[in-house]
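All values below come from the heavy atoms of this structure, side chains included, with hydrogens, waters and symmetry mates left out.
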Amino acid sequence: MRVISILFFCLYSFASFGQTELIDSLQNILKNQPDDSTKATVLGDLCWHLKYSDPPKALEYGYESIQIAEKKGYLALQAYASNNVGVVFWAKSDYDSAAYYLDKTRELYSSLENERGVAVTSVNLGLILQNMGDYDTSLEYQLEALRIVNNLEDQGLKGSVLTNIGNVHFLNEKFDKAKSYYFEALEFKKSLPDDQFRQNLQKTLLNIGNVYDRLNNQDSAIYYFQEALPYAIDANDTKSQALIYTDLGHAYSEKGDYILANNNFEKAMKIYSSGSYENDYDYSILLYSLAQNELRRENTRGAITFAEQSLELSKKLNNLNRLKDGYGLLAEVYEANNQFGDALNAHKFQKIYADSLLNIETNKEIAELETKYETEKKDQQIILLDQENSLQQATNQRNFIIILALFFVLLLLLLVFYLWRKQSRISQQKVLSEQKTRLREAQIQAVISSEEKERKRFASDLHDSMGQLVSALTMNIQGLKSTSNDPLVRNEIVDNSTVLLNDIQREIRNIAFNLMPQVLTKEGLIPALQELIARINKSNQVNAKVQVFGIDARLNEVFEISLYRILQEWISNILKYAEATEILIQFTAHEEEIIITVEDNGNGFDLNTFENSKGNGWRNINTRLNLIKGSMDIDTMQGRKNTMLTLILDKSLAFKTTQVEMNT
């Protein structure tokens, strides 16, 4: 969302004389003028009046004024010239240099015990810190200035300080508070005589318009902008004019009147182009508003141009708020132009600058500063209104008792609610813990059952197959003792023994393959499945295939072993119960997932019966699938041919290196 430009004006000096004729007159005074207080003053005045129209010349006059004042020991004139040089740097958006000279000014006025000078410099420092995004320090300076102004009863400065305090609240998005300060400043200025202090009315009116604009009340905003414009024109205030046209354009754009918006933007652009007002901060806001308007008009190319120009100025200023909003708008414009990669990068930068602005202590410090100021203000009122305060004190005491009673009632209710919520949370956690315990026990039981089943099958294979083959081999070897020396008979026994040894070796390989295929650990899941399928196809009863799409590397060890056991269990069930003649296993890698499907043309089954069975197969599949955080879908129906198992895995986890040990 666009940050509306706040008028960081009220940059005061103590000599202000007027227009172009005055500048010519001042330059004439300098001719043949010796280095004295008059020359230092005139140089300082010229620095002030040329701050917008000719900044380099203004700085030249300002530096010379400081040099004369330092040489002659004119501390007051040195402070005056230093203040004006700081203001010129502010106009050039060189905030560090501006703060340097204004700090020197403040020190000089403090040494001279010139409270009004300290107040004016505090105002200027506060305004510069606003542009730098340091709102809490800015408010500290403005509140200090207000305290001094109240003590001095300075009617000329008070309205501007009130406006500046409103600006800080505006930038912290406390719009109601900002509006109250703005209206207080407006009423105060209107109560003054019709002199130079009323010339700042356009600035306060513009700020009020900005508040209404942020509150999405564009009609009221336009009213105050238009009311401010004649004052700015009468005062020949080009800065105010540029900002008013910018904000009028934004308000009309928000209302959907893009033509009127563009007309006002063009008027603002003309002021910047003519060089009658130069300020990178305000110009960046105009470019930002133009980009928004072009985006609403669906002219994305124009919007990109203006948004990028605005962001470049924000980078130059190094203002976190401008950078945050600039990247946010640029992301929106790129997205509208289907530049999604650029939009994503812009969003990342917006997030970085938004996080930088999150400072919890800032609001706390601002509240403390305001409390100090309000306390001082109330203390002064108490001194003036002692009798009324005595009466009010009794009322306050009664109200305090009522509030205290309500507070304790509320506290009691909150305590009861807290205890109820805590008990409820404990109960929920207990139920959840019990559920997790039962689930874990079921998983452990499934693993134990699976291991026992494997041990029994391994023992059976050794006893039934290996035992018989070893017995036969033993008989052959014994036969060698009792046989004759006939070579033919002995050779026949040796040949039979060789056949038995080969059978034993084959059985050992089969048992080892069932326990843990060597190809699985050495080459990976896909080759191991292909070897398993090759063994199945040798029976000539089933035609099985494995197809792989998009998987070139091995999965991590836990995934490979778990998936192999899951698929081995599922294929075993197909061979036992489905009466299938074809099996197709497919691996497909997508951007974020790996999909594994197993299809067969065998008989379907009742899925509920399978899921609720007491056998270990279903539990083993679920346990291993939970281990690799996968999900499963089974498409089958009793009495229907064709069944499909679908496994869905997280690709990032599947290829992640892991050292997890597991039972197989």
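For Ser220, the side chain to side chain contact (heavy atoms under 4.5 Å, CB included) partners at least two apart in sequence or on another chain are Tyr212, Asn217. Residues satisfying the side chain to side chain contact (heavy atoms under 4.5 Å, CB included) criterion with Gln218, sequence neighbours excluded, are Asp213, Asn216, Ala251, Glu254, Lys255. Listed by chain and number, the residues in a ring pair (Phe, Tyr, Trp, His ring centres under 6.0 Å) with Phe89 are Tyr101 (sequence neighbours excluded). The side-chain hydrogen bond (donor to acceptor under 3.5 Å, both in side chains) check on Ser274 picks up Ser276, with sequence neighbours excluded. By the side chain to side chain contact (heavy atoms under 4.5 Å, CB included) test, Leu406 is found to be paired with Ile402, residues two or more places apart in sequence or in another chain being considered. For Lys315, the salt bridge (Lys or Arg N to Asp or Glu O under 4.0 Å) partners at least two apart in sequence or on another chain are Glu312. Residues passing the side-chain hydrogen bond (donor to acceptor under 3.5 Å, both in side chains) test with Gln67: none are found, sequence neighbours excluded. Listed by chain and number, the residues in a side chain to side chain contact (heavy atoms under 4.5 Å, CB included) with Ala343 are Tyr334, Glu335 (sequence neighbours excluded). The side-chain hydrogen bond (donor to acceptor under 3.5 Å, both in side chains) test applied to Ser65 returns no partner, not counting sequence neighbours. Residues satisfying the side-chain hydrogen bond (donor to acceptor under 3.5 Å, both in side chains) test with Lys348, not counting sequence neighbours, are none.
With 3.5 Å as the limit, one finds no donor-acceptor pair spanning the side chains of Tyr95 and Asp134. No side-chain donor-acceptor contact under 3.5 Å links Asn83 and Thr105.
Annotation: side chain of Glu294 is in contact with side chain of Asn262 (closest heavy-atom distance under 4.5 Å). Counting only heavy atoms from C-beta outward, the side chains of Ser138 and Leu127 never approach each other to under 4.5 Å. Put simply, the side chain of Met269 reaches to within 4.5 Å of the side chain of Leu290, judged on heavy atoms. Within the 4.5 Å cutoff, no side-chain heavy atoms of Arg297 are placed close to those of Ser253. Using a 4.5 Å cut-off on side-chain heavy atoms (C-beta onward), Tyr281 and Ile285 make contact. Between Asn131 and Ile128 the shortest side-chain heavy-atom distance does not fall below 4.5 Å. In this structure, the side chains of Tyr141 and Gln130 stay at 4.5 Å or more apart for every pair of heavy atoms.
Ring geometry for Phe170 versus Tyr182: interplanar angle of 30 to 60°, hence tilted.
Residue pairs meeting the salt bridge (Lys or Arg N to Asp or Glu O under 4.0 Å) criterion with at least one partner in residues 55-73, sequence neighbours excluded, are Lys39-Glu64, Lys57-Glu60. Applying the salt bridge (Lys or Arg N to Asp or Glu O under 4.0 Å) test to pairs two or more places apart or on separate chains, those with a residue in residues 87-111 are Arg106-Glu144.
Summarising the geometry of Leu77 relative to Ala69, their closest heavy-atom pair is C-CB, 4.0 Å, with the distance given to 0.1 Å. Residues Arg322 and Ser284 come closest through the heavy atom pair NE-OG, 3.6 Å. Shortest non-hydrogen contact noted between Ile29 and Val42 is CG2-CG2, 4.0 Å. Of all heavy-atom pairs between Ile271 and Ala242, the closest is CD1-N, 3.6 Å. Residues Ile148 and Glu115 share a closest heavy-atom pair of CG2-O, 3.4 Å.
Checked options Asn264, Asp282, Leu286; the residue passing with Thr246 is Leu286 (criterion: side-chain contact (heavy atoms from CB on, under 4.5 Å)).
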Could you walk me through whether Lys203 and Thr163 satisfy the side-chain hydrogen bond (donor to acceptor under 3.5 Å, both in side chains) test, starting with their C-alpha distance in whole Å, then the side-chain angles of each, then the deciding distance to 0.1 Å, before giving a yes or no? CA-CA 9 Å; Lys203 302 168 186 178; Thr163 300; over 6 Å; no
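Tyr272 has its ring centre less than 6.0 Å from the ring centre of Tyr277.
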